[in-house]
Amino acid sequence: MANKEAFLDYIKAGYTFKGEFFKLGCAMLDGVVVAGADVNLPLKTLNRHGLIAGATGTGKTKTLQVIAEGLSDASVPVLLMDIKGDLSGIAAAGISNAKIAERYDKIGGNWSASAYPTELLSLSHEKGVRLRATVSEFGPVLLSKILELNDTQAGLVAMLFKYCDDNKLPLLDLKDFKKVLQYSSAEGKAELEKDYGKISTTSTGTILRKVIELEQQGAGIFFGEKSFEVDDLMRISDDGRGVISIVRVTDIQDRPKLFSTFMLSLLAELYATLPEEGDLDKPKLVLFIDEAHLIFQEASDALLQQIETIVKLIRSKGVGIFFCTQNPMDVPPSVLGQLGLKVQHALRAFTANDRKTIKQTAENYPLSDYYKTDELLTQIGIGEALITCLNEKGTPTPLAATMLVSPRSRMDVLTSAEIDQLADGSKLVKKYNEEIDNESAYEILTAKLEEAAEKSAAAPAAKGNGGKTKEEKGMLETVLDSSVARQVGRTAASMITRTLLGALGLGGKSKKKGSSWF
């Protein structure tokens, strides 16, 4: 056995921090836990992002749960993307058993059950807070990217948004945007071309087909009112712990465009809304994306570009992003290189490609005099992992094969009755789940076209009266002057400010009271 005392000093020196931290586990040497060799995570560098990887059944999701609990205990709000549907148990207290007792005999410390303050969110009609955004808030840049438009088509979308802004036509849902598209290629084509330039009916037809494709994947329920406010992700509970928000997306695994739409909106709005913070003592928000390989395998190029950009920039806003996936090679190298914390559970070597992946994975970790990393990657057990993070100076900590602490919350899902109880007691459900259909572009343009048809039918009668007609306001002007139109001032007034994100290709809007995303 290697020098145990030297190893203990090595780990203590690498994982002792001045600021706030929480214990993730205890380091092992030659497969044996070394008492006192605590592996801690410093809160100060958890905005430098992270990776939790490992084969199926090795404990990745439980590690995610442990880190989320530690952040909540430190008053850091957490957002979990629950793709498999197995994270809701964090809202209920865990139950002790012989395995937990045995684990804590080895790693030291005490285990106590705890339920965590939790909010369930949904992109569909599942129980929880409905997440929505208006088309206007989403913006032309993001909409063009999610529709995978070319430059000419994206330019047309930007022009249509400008026309709607200039004429106070709120774009609340996809029905509004489709109506504007149809209007611009038919009755309103001459009007728009006069002030905004040539419009290709081929381009409008292509865009319309792509919007319909997006609707078929369920995105129609995502666009609309009432928009979700980003501040509601960053709440602290009455007992001082950070609220853990769980986005339940189990029913959209097979709809990558809907998930891409949500992810693009979320990342862009977080970046656009939060102020620059520099290096904080702890993050303002940490986002976990479970089963992230599903995102990288199915995501559009636009989403991949946005994730890379956001990962590089958003840490200065005090936000950390953690990817949980089966294979670290699932994460693009440009993103992987930005991840400060790495928690690597066991990998399986069934094929030549598996062995190649293990060798590549080992090369991504710091060199160690105590471990043969490539061999250890196939030998560590369930609930154990290789860990390295960034210390307070921003340099990697020593590689530590670690027996991890156990979650204090339930290591299973909530029952249907418990989900109902949690949703029924939520103030945010009452705030956001009311269906709202304000007067918007669809209704205004429809009324305009109906009036035009009526005038056209009445024209012969007017000529029979000596050709004299009474001067009237145009229908568009009449509707815009109405009290109904003024009721949509909130959305019309919140048309997206083109911030730095415009130059980055991200979209979003500037921070102001009452501003919202979704």
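What's counted below: heavy atoms across the whole structure, side chains too, no hydrogens, waters or symmetry copies.
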Within the distance-only criterion (no hydrogens, no angle test), does the side chain of D231 pair as donor or acceptor with the backbone N or O of M234 below 3.5 angstrom?
-> no

Using a 4.5 Å cut-off on heavy atoms from C-beta on, say whether the side chain of T134 contacts that of P170.
-> no

K284 meets the salt bridge (charged side-chain N to carboxylate O under 4.0 Å, His left out) criterion, sequence neighbours left out, with E277

For Y10, check ring-ring contact (aromatic ring centres under 6.0 Å, His included) against everything at least two apart and list the hits.
-> Y370

In terms of heavy-atom contacts, L123 and I221 come closest through O-CD1, 3.1 Å

From the list D290, I83, L121, D82, side-chain contact (heavy atoms from CB on, under 4.5 Å) with V249 holds only for I83

Short side-chain donor-acceptor distance under 3.5 Å, S245 and E119 | no

CG on L414 to CG on L120, rounded to 0.5 Å = 7.0 Å

What distance do F288 atom CZ and L79 atom CG have between them, rounded to the nearest 0.5 Å?
-> 10.0 Å

For residues 59-79, pull every pair meeting salt bridge (charged side-chain N to carboxylate O under 4.0 Å, His left out), keeping only residues two or more places apart or in separate chains.
-> D73-R408

Does a side-chain heavy-atom distance below 4.5 Å link Y104 with S406?
-> yes

Is there a donor-acceptor contact under 3.5 Å from the side chain of T361 to the main chain of T357?
-> yes

Nearest heavy-atom pair of L347 and G54: which atoms, and what distance?
-> CD2-CA, 4.2 Å

What is the ring orientation for F161 with F177, classed by angle as parallel under 30°, tilted 30 to 60°, or perpendicular over 60°?
-> tilted

Nearest non-hydrogen partners of T388 and P396, listed with the distance = OG1-CB, 4.1 Å

Only pairs at least two apart or in different chains count here, so list each salt bridge (charged side-chain N to carboxylate O under 4.0 Å, His left out) that has a residue in residues 100-116.
-> E102-K106

Can I get a per-line list of side-chain donor-acceptor pairs under 3.5 Å for residues 38-45, giving both atom names and the distance, sequence neighbours left out?
residue : atom : partner : partner atom : Å
D38     : OD1  : K23     : NZ           : 3.2
N40     : ND2  : Y15     : O            : 3.1
T45     : OG1  : L390    : O            : 2.8

Heavy-atom distance under 4.5 Å between the side chains of S75 and K282, does that happen here?
-> yes

Spell out, as yes or no, whether a donor-acceptor pair under 3.5 Å connects the side chain of S409 to the backbone of S114.
-> no

Is it the case that more than 12 heavy atoms not belonging to D9 sit under 6.0 Å from its CG atom?
-> yes

So do Q338 and R315 actually touch side chain to side chain, heavy atoms under 4.5 Å?
-> no

Heavy atoms of other groups near E276 CD, more than 12 under 6.0 Å | yes

Of all residues at least two apart in sequence or in a different chain, which pass the ring-ring contact (aromatic ring centres under 6.0 Å, His included) check with F323?
-> F296

Closest non-hydrogen atoms of C389 and L341, given as atom of the first, atom of the second and distance, are CB-CD1, 3.5 Å

Flag, side chain of T402 to backbone of A400, donor-acceptor distance under 3.5 Å | yes

Any salt bridge (charged side-chain N to carboxylate O under 4.0 Å, His left out) pairs touching residues 416-429, not counting sequence neighbours?
-> K127-D420, R410-E418

V135 versus D176: any side-chain heavy-atom pair under 4.5 Å?
-> no

In Å, rounded to the nearest 0.5 Å, how long is the span from CG of L143 to OG of S136?
-> 10.5 Å

side-chain contact (heavy atoms from CB on, under 4.5 Å) partners for V413, two or more places apart | D86, S88

Rounded to the nearest 0.5 angstrom, the CG-NE2 distance for L377 and H345 is 12.0 Å

With a 4.5 Å heavy-atom cut-off, do L29 and I11 have their side chains touching?
-> no

So, do Y271 and T309 sit near enough that their side-chain heavy atoms are less than 4.5 Å apart?
-> no

Determine, step by step, whether E269 and L233 satisfy the side-chain contact (heavy atoms from CB on, under 4.5 Å) criterion, reporting the C-alpha distance in whole Å, the side-chain angles of both residues, the deciding distance to 0.1 Å, and the verdict.
-> CA-CA 12 Å; E269 194 59 27; L233 288 177; over 6 Å; no

Mark yes or no for whether T16, through its side chain, and A13, through its backbone, hold a donor-acceptor pair below 3.5 Å.
-> no

Here the gap from L51 atom CG to L339 atom CG, rounded to the nearest 0.5 Å, amounts to 6.0 Å

Taking it one step at a time, do K18 and D281 satisfy salt bridge (charged side-chain N to carboxylate O under 4.0 Å, His left out)?
-> CA-CA 11 Å; K18 293 180 181 178; D281 290 334; over 6 Å; no

Side-chain heavy atoms of L46 within contact of F22, under 4.5 Å = yes

Considering all heavy atoms of both residues, which atom of V331 and which atom of L336 are nearest to each other, and what is their separation?
-> CG1-N, 3.8 Å

side-chain contact (heavy atoms from CB on, under 4.5 Å) between I314 and L274, worked out | CA-CA 9 Å; I314 205 170; L274 299 177; 5.7 Å; no

Could you tell me which residues satisfy salt bridge (charged side-chain N to carboxylate O under 4.0 Å, His left out) with E384, sequence neighbours excluded, listed by chain and number?
-> none

With sequence neighbours left out, what residues match Y432 under ring-ring contact (aromatic ring centres under 6.0 Å, His included)?
-> F228

Look at the side chain of N433 and the backbone N and O of G128, then say whether any donor-acceptor pair between them is shorter than 3.5 Å.
-> yes

Using distance alone, with no hydrogens and no angle criterion, decide if E137 and S227 have a side-chain donor and acceptor under 3.5 Å apart.
-> yes

Just do the side-chain contact (heavy atoms from CB on, under 4.5 Å) check on L287 and L267 with the steps written out, would you?
-> CA-CA 10 Å; L287 165 65; L267 295 176; 4.0 Å; yes

Y371 meets the ring-ring contact (aromatic ring centres under 6.0 Å, His included) criterion, sequence neighbours left out, with none

Please test Q344 against T373 for side-chain contact (heavy atoms from CB on, under 4.5 Å), starting from the C-alpha separation and ending with a verdict.
-> CA-CA 11 Å; Q344 180 64 60; T373 306; over 6 Å; no

Salt bridge (charged side-chain N to carboxylate O under 4.0 Å, His left out) partners for R348, two or more places apart = none

Hey, does the side chain of H49 reach the backbone of I321 with a donor-acceptor pair shorter than 3.5 angstrom?
-> yes

Where do G36 and K12 come nearest, in terms of heavy atoms and distance?
-> O-CE, 3.6 Å

Output the distance between atom CG (N327) and atom CD1 (I358), rounded to the nearest 0.5 Å.
-> 9.0 Å

Flag yes if more than 12 heavy atoms outside Q379 fall under 6.0 Å of its CD atom; otherwise flag no.
-> yes

